[in-house]
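Have a look at the structure below, then the notes.
Residue numbers start at 1 and run along the sequence shown. Only a predicted model underlies this, so the values are computations on that prediction, with no experimental measurement involved.
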Amino acid sequence: MIHPNANDTLTVRSVFIIDPNKKIRLTLTYPASTGRNFDEILRTIDSLQLTDGYKVATPVNWKHGEDVIIVPSLSNEEAQKLFPQGWDEQKPYLRVTKQPNA
């Protein structure tokens, strides 16, 4: 990809994460002078795979194995069935639990 304000011989560094259903799930674009952050790319893939399989969201700076957030749309009754180990309810919409085994 060529950035419109860049030298014609330089490319920007774009990353596209596309799921098995051929849906673009993430796009990242870095300037040509900045290398890509592969740790962040792998962290994003881990998060997408986890959140696709469980009714959770990953907080800022989350890494595989760390606590996750139960999605707010899930009632406490539904959450109890999916997360029998319980959770820490910091706010009614912020329930933190251990990462499910993915």
Whether D67 and K98 form a salt bridge (side-chain N of Lys/Arg under 4.0 Å from carboxylate O of Asp/Glu) is what I want to check. yes
Going hydrophobic residue to hydrophobic residue with side-chain gaps under 4.5 angstrom, can you get from Y54 over to I69? no
Could you check whether any side-chain heavy atom of Q85 comes within less than 4.5 Å of a side-chain heavy atom of T97, counting everything from C-beta outward? yes
Separation of E78 CD from S73 OG (nearest 0.5 Å): 8.0 Å
Inter-residue atom distance K81.NZ - N76.CG, 0.5 Å rounding: 12.5 Å
Less than 3.5 Å apart, any donor N or O on the side chain of Q90 or D88 sitting next to an acceptor on the other? yes
Validation row: K63, E66 side chains within 4.5 angstrom (heavy atoms): yes
Please name the pair of heavy atoms, one in P72 and one in Y93, separated by the smallest distance, quoted to 0.1 Å. CG-O, 3.8 Å
Judged by atom type as modelled, is there a donor-acceptor pair below 3.5 Å linking the side chain of R36 to the main-chain atoms of S14? no
If you define the side chain from C-beta out and look only at heavy atoms, does anything of Q99 sit under 4.5 Å from H64? yes
Candidate list L74, L50, V96, L82, test side chain to side chain contact (heavy atoms under 4.5 Å, CB included), partner V56, passing option: L50
Can you name the one residue among D19, I45, T44 that meets side chain to side chain contact (heavy atoms under 4.5 Å, CB included) with R25? D19
4.5 Å side-chain heavy-atom contact, F16 and L26: no
Cluster link I17 to Y30, ILVMFWY, side chain under 4.5 Å: yes
With a 4.0 Å cut-off on N to O distance, would you call R43 and E40 a salt bridge? yes
Same cluster or not: are L48 and I41 linked, directly or through other Ile, Leu, Val, Met, Phe, Trp or Tyr residues, by side-chain heavy atoms under 4.5 angstrom apart? yes
If you look at every heavy atom in A57 and T51, which pair is closest and at what distance? CA-CG2, 3.9 Å
Could you check if a side-chain atom of T34 sits within less than 4.5 angstrom of a side-chain atom of R13, using non-hydrogen atoms only? no
Which distance, rounded to the nearest 0.5 Å, do you find between the CG of N37 and the CG of L28? 9.0 Å
CG of D52: more than 12 outside heavy atoms within 6.0 angstrom? yes
